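Only one structure is covered here, and it is reproduced in the block below.
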Protein chains: 2
Amino acid sequence: MSKTSNGKSRASGRITLAEVAAHAGVATMTASRAISQPELVSPLLRGRVERAVAELAYVPNRAARALASAQSNVIVVLVPSLSNAVFTAVLAGIQDALDADHYQILIGNTRYSDAEEEKLLGINLQSNPDGILLSGLTHSPRVRQMLATSRVPIVSMMDLASEPTQLSVGFSQQQAGQAMTRYLLDKGHRRIAFLGAQRDERTLKRADGYRAAMAAAGLADPRLELMVDAPSTIALGAELLGRLLAEMPDCDAIFCCNDDLAHGAIYQCQRRGIAVPQQLAICGFNDLPASAWMSPSLTTIATPRYRIGFEAATLLRAVIRGETPPATRIDLGFTLMARESA
Amino acid sequence: MSKTSNGKSRASGRITLAEVAAHAGVATMTASRAISQPELVSPLLRGRVERAVAELAYVPNRAARALASAQSNVIVVLVPSLSNAVFTAVLAGIQDALDADHYQILIGNTRYSDAEEEKLLGINLQSNPDGILLSGLTHSPRVRQMLATSRVPIVSMMDLASEPTQLSVGFSQQQAGQAMTRYLLDKGHRRIAFLGAQRDERTLKRADGYRAAMAAAGLADPRLELMVDAPSTIALGAELLGRLLAEMPDCDAIFCCNDDLAHGAIYQCQRRGIAVPQQLAICGFNDLPASAWMSPSLTTIATPRYRIGFEAATLLRAVIRGETPPATRIDLGFTLMARESA
DNA sequence: CTGAAAGCGCTTACAG
DNA sequence: CTGAAAGCGCTTACAG
């Protein structure tokens with residue numbers, strides 16, 4: 001509107017704070033304060049500025065603010081998947097924890113790829129984030145180096161760090177895997193198979209727990225483990241069940257590394273007329289919504305994913321504010337949901 | 001490192017382009033060019049700059065670049081949900097379409113709330129985005145006003161705009177609802193119920209299609225429609241099935257506005273011993289992964305959600321570049337998947 | 001409580 | 001092909 005830039009200017013054409021100030025008849029500084037720290041401005045001038053903002057439909061330029069103030073109010077979140085309900089729940093928790101704050105949340109989907117994580121981190125570091133929320137404890141050397149040189153506060157989500165200096169919120173994936181295996185052992189199963197996909201950090205740790213429990217019971221048998229690189233899907237669960245039974249027909253229970261695989265395995269049993277749990281016990285991990293409702297309902301581990309996001313964001317915010325957090329390692333635990341399938 | 005800022009400076013403490021340039025023994029400008037437009041710089045200087053960048057672990061400041069160049073390279077995406085697999089697929093399509101580009105994708109989750117959409121749009125408009133990807137065609141007056149004054153290119157996803165000036169990528173939700181209802185009618189069903197949740201734009205349009213088909217068959221009956229505000233979940237589908245059968249025991253088929261509801265309805269039938277489709281036909285909408293695998297497999301509408309994201313992002317990119325798109329309205333259609341449940 | 005000046009870290013014209 | 005100057009739109013000290 002009105003007299004904006006003259007001639008060969010590089011101006012964006014949008015309303016600036018200076019124009020708002022001129023319109024309100026105050027200095028740019030005063031307009032800035034009336035917006036950012038209104039309590040420091042007299043009601044009279046504040047009102048004039050507010051009116052000018054509304055009349056001109058002023059939208060602050062975030063880049064200019066970030067540059068001038070040397071702080072971005074950005075929090076970066078890196079998750080390995082958006083199609084996995086576990087991580088969308090984590091994101092919901094983060095969103096809720098930060099809702100009242102002024103932070104802009106930058107979501108990056110690494111697709112379980114180190115290369116993608118490096119790329120996304122590099123791009124997002126350019127936004128000079130106030131903090132970073134990371135999934136998992138294991139990262140590539142390049143990622144670790146980028147994080148170290150950036151000196152940005154980091155909270156790791158999902159699992160618990162061994163080093164107490166590292167901030168982490170989650171639960172022991174290994175112990176959860178062990179607990180589920182012990183449950184099956186206690187039920188009298190002996191030939192318990194482990195079905196894994198994606199080979200991501202959490203799957204590997206759950207497999208560790210499975211192995212520990214089987215070894216402790218003197219029942220370890222590597223042939224009972226079926227692990228693939230492909231992403232977890234219902235279709236893969238159905239397929240892996242077939243492969244497992246073909247190779248290990250004497251197996252009497254299956255621990256699937258997540259519910260998707262377990263759902264697929266159960267559906268496949270239904271199609272083949274295999275009674276679950278009578279002929280074959282099946283359990284999963286995560287307790288997705290369908291697990292409680294399907295028939296047979298799925299025995300699984302309920303994971304506090306929403307709370308992981310919420311508590312991790314809360315912890316990160318505290319650290320950003322310079323507060324000393326009460327704990328650097330927040331164990332949110334897990335719950336074994338014993339249902340019909342095992 | 002070395003001699004950074006002196007005294008009371010407001011510097012961020014991070015390595016700047018000027019330091020990289022000094023380290024390489026070139027002007028700041030040349031360093032800038034060596035990074036942004038390397039082909040314009042001699043191999044000798046380019047090499048020196050590249051080495052300096054690596055040695056100092058230089059990370060460009062995005063805010064400064066955005067401010068100086070008056071372009072953000074940001075694309076904002078607003079979706080109503082992240083827990084709904086439909087929208088995470090849309091996001092995956094967008095990500096893939098824009099992967100080779102330099103865009104930063106800002107994801108906003110409006111949670112099916114107009115207020116939240118206004119808030120997110122306001123915040124994200126501060127980043128001066130090059131373009132915006134919106135879900136749906138219906139928005140609050142404030143949102144429409146904000147979009148209009150921003151003059152940022154917009155592509156609407158999911159449904160098709162009636163005005164050809166408005167860029168849209170999707171399919172007719174109304175026609176899809178109609179097609180599914182006709183399918184049930186053709187199968188001989190007469191008392192076909194409609195189960196809806198969330199009351200979002202798409203649910204309402206599918207209901208419109210249902211009503212049109214029922215009216216055309218002379219079988220319309222408002223009591224067959226059960227619509228609630230709550231978000232769609234499997235649990236809600238199970239609950240609504242109970243309510244529907246209590247009120248309309250003569251209903252012989254159910255069209256659920258999405259697969260989540262349909263899954264819940266089917267699971268509930270299994271628990272109650274109601275044979276699907278013999279006693280009651282059930283169909284859904286979206287074709288989620290479980291639908292093809294569950295027993296009975298779910299008759300539903302497969303929606304091109306990944307492609308919607310991909311094509312919408314491709315269209316937006318073309319418009320941002322100033323190209324004239326071949327079409328302003330991209331109809332990606334839908335596919336009725338006739339399976340066991342109806 | 002209010003404001004003139006300087007500066008954040010980059011890029012855009014413009015010269016050479 | 002290279003560079004000195006100015007400017008993007010804000011905020012931070014610093015005065016008054």
Side-chain angles (χ1 to χ4, degrees), chain A residues 4-49 52-53 56 58-73 102 125-128, chain B residues 4-49 52-53 56 58-73 102 125-128:
Chain A
T4 34
S5 51
N6 52 335
K8 60 200 166 150
S9 130
R10 285 158 51 194
S12 61
R14 305 174 56 191
I15 301 292
T16 66
L17 228 208
E19 294 176 79
V20 169
H23 193 87
V26 301
T28 309
M29 273 240 32
T30 304
S32 171
R33 261 197 298 256
I35 292 170
S36 306
Q37 309 173 73
E39 67 282 4
L40 297 181
V41 178
S42 68
L44 176 69
L45 295 191
R46 198 195 310 160
R48 298 224 308 254
V49 171
V53 165
L56 300 177
Y58 170 64
V59 176
N61 183 322
R62 181 172 256 273
R65 175 179 293 190
L67 184 58
S69 69
Q71 63 166 341
S72 63
N73 290 331
H102 46 275
L125 242 21
Q126 296 183 1
S127 294
N128 194 24
Chain B
T4 34
S5 52
N6 52 335
K8 62 204 162 142
S9 127
R10 286 158 49 194
S12 62
R14 304 174 58 190
I15 302 291
T16 67
L17 228 209
E19 295 175 79
V20 170
H23 193 88
V26 301
T28 308
M29 275 240 29
T30 304
S32 171
R33 262 197 298 257
I35 292 170
S36 306
Q37 308 173 77
E39 68 281 5
L40 296 182
V41 178
S42 69
L44 176 68
L45 295 193
R46 198 196 309 160
R48 296 221 311 250
V49 171
V53 165
L56 300 177
Y58 170 64
V59 176
N61 183 321
R62 181 172 255 274
R65 174 179 294 189
L67 184 58
S69 68
Q71 64 167 338
S72 62
N73 289 331
H102 47 273
L125 242 21
Q126 297 183 1
S127 294
N128 194 23

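Chain letters run A, B, ... following the sequence lines, proteins first, then strands; residues in each count from 1. Computed from a prediction, not measured in an experiment: that's the story for all the values here.
- Computed from coordinates, the A:Arg62 CZ to D:dT11 P distance equals 12 Å when rounded to whole Å.
- For the pair B:His23 and B:Glu19, the minimum side-chain heavy-atom distance is 4.5 Å or more.
- Within residues 38-46 of chain B, no residue places a heavy atom under 4.0 Å from DNA chain C.
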side-chain contact (heavy atoms from CB on, under 4.5 Å) assessment of B:Arg65 paired with B:Ser36 = CA-CA 11 Å; B:Arg65 174 179 294 189; B:Ser36 306; 4.1 Å; yes
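- Heavy-atom nearest nucleotides on DNA chain C were determined for B:Leu67 and for B:Gln37, and the one closer to the 5' end corresponds to B:Leu67.
- The minimum heavy-atom distance between A:Ala63 and B:Leu67, with the atom names listed, is CB-N, 4.1 Å.
- When all heavy atoms are compared, the tightest approach of A:Ala21 to A:Ala31 is CB-CB, 3.8 Å.
- Residues B:Tyr58 and B:Thr16 come closest through the heavy atom pair CE1-C, 3.6 Å.
- In this structure, A:Asn61 atom CG and C:dG9 atom C1' are separated by 14 Å, rounded to whole Å.
- Rounded to the nearest 0.5 angstrom, B:Leu56 CG and B:Ile15 CD1 are separated by 5.0 Å.
- Looking at A:Arg46, its side chain never comes within 3.5 Å of a backbone N or O of A:Leu40 through a donor-acceptor pair.
- For the residue pair B:Val26 and B:Leu45, the shortest heavy atom distance occurs at CG1-CD2, 3.8 Å.
- Using a distance-only test at 3.5 Å, with no hydrogens or angles considered, a donor-acceptor pair links the side chain of A:Arg62 to the main chain of A:Ser72.
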So B:Asn61 and B:Arg14, side-chain hydrogen bond (donor to acceptor under 3.5 Å, both in side chains) or not? Walk me through it.
-> CA-CA 9 Å; B:Asn61 183 321; B:Arg14 304 174 58 190; over 6 Å; no
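- Taking a pair as Watson-Crick or G-U wobble with both distances under 3.5 Å, the runs of three or more consecutive pairs in DNA chain D are C:1-3 with D:14-16, C:5-12 with D:5-12, C:14-16 with D:1-3.
- Between the CD atom of A:Gln126 and the P atom of C:dC8 there is a distance of 20 Å, rounded to whole Å.
- The residue from A:Ile35, A:Val49, A:Thr30 that alone fulfils the side-chain contact (heavy atoms from CB on, under 4.5 Å) condition with A:Val41 is A:Thr30.
- For the pair B:Gln71 CD and C:dA13 C1', the interatomic distance rounds to 15 Å; values are reported in whole Å.
- For the segment residues 20-36 of chain B, the set of residues with a heavy atom within less than 4.0 Å of an atom of DNA chain D comprises B:Val26, B:Ala27, B:Met29, B:Thr30, B:Arg33, in numerical order.
- In this structure, A:Tyr58 reaches the D:dC10 phosphate: one of its side-chain N or O atoms is under 4.0 Å from OP1 or OP2.
- In this structure, A:Arg48 places its CZ atom 12 Å from C1' of C:dT2, rounding to the nearest Å.
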